[in-house]
Amino acid sequence: MILNNDGILQDFASDMKTNLYKGYDYSNTDYYLAIKNGADDFWSKVYLSNATNKSTISYTLRVDENTIAVLIVDLDYLHKFTKKFKGEDDTSVVRITDKNGIFLSHPSIPEYVSQRMSIKD
């Protein structure tokens, strides 16, 4: 998504069905506010996207003084991607965690994701 400096959606690109429309106001989102308050970039926590109605994370950065870019990452897509990598015992060898070690994808034991288990556990 491309937002203007006021957090209004200017343009977007997606290969999936979305609820996006130009002119939508994103000025109250954590990712917009982080950039507006001076961060160079921002990785969100997991949230339910209003654009896709799916669990997502996003990466946001300032492109120039008037433009903010938001990359939305669908966690279902990441989970399907991690399932492709299997060890000799046919279990998944790739897992994805957030910065706190909470599993975002664990194909071998999906309950770890739904129970918000940590790699530390």
Is any side-chain heavy atom of [X] closer than 4.5 Å to a side-chain heavy atom of [Y]?
X    : Y    : value
Y47  : I72  : yes
I2   : L9   : no
M117 : I109 : no
Y26  : I8   : no
V46  : T56  : no
T67  : Q10  : no
S105 : L78  : no

Heavy-atom pair with the smallest gap, counting every atom of [X] and [Y]:
X    : Y    : answer
I35  : L61  : CD1-CA, 4.1 Å
V63  : A69  : CG2-CB, 3.7 Å
S118 : I102 : CB-CD1, 3.9 Å
S58  : Y31  : OG-CD2, 3.6 Å

- Task: Using the test side chain to side chain donor-acceptor pair (under 3.5 Å), find all partners of S14 that sit at least two apart in sequence or belong to another chain.
- Result: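 Partners of S14 under the side chain to side chain donor-acceptor pair (under 3.5 Å) test: none.
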- Is there a donor-acceptor contact under 3.5 Å linking the side chains of S108 and S92?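 There is no such pair (donor and acceptor under 3.5 Å, judged by atom type) between the side chains of S108 and S92.
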- Query: Considering residues at least two apart in sequence or located in another chain, which fulfil the ring pair (Phe, Tyr, Trp, His ring centres under 6.0 Å) criterion with F103?
  - Reply: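 Expected list: H106, Y112.
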- Query: Under a 4.0 Å N-O cut-off, is there an ion pair linking K45 with D98?
  - Reply: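 Looking at K45 and D98, the cut-off is not met.
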- Task: With rounding to the nearest 0.5 Å, note down the distance linking CE in M1 to OH in Y24.
- Result: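 Those atoms lie 10.0 Å apart.
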- Task: Hey, could you give me the NE2/CD1 distance between H79 and I96, rounded to the nearest 0.5 Å?
- Result: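 Here the rounded value is 9.5 Å.
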- Counting heavy atoms not belonging to Y59, are there more than 12 under 6.0 Å from its OH?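 Counting neighbours around OH of Y59, more than 12 heavy atoms of other residues, nucleotides or ligands fall under 6.0 Å, so yes.
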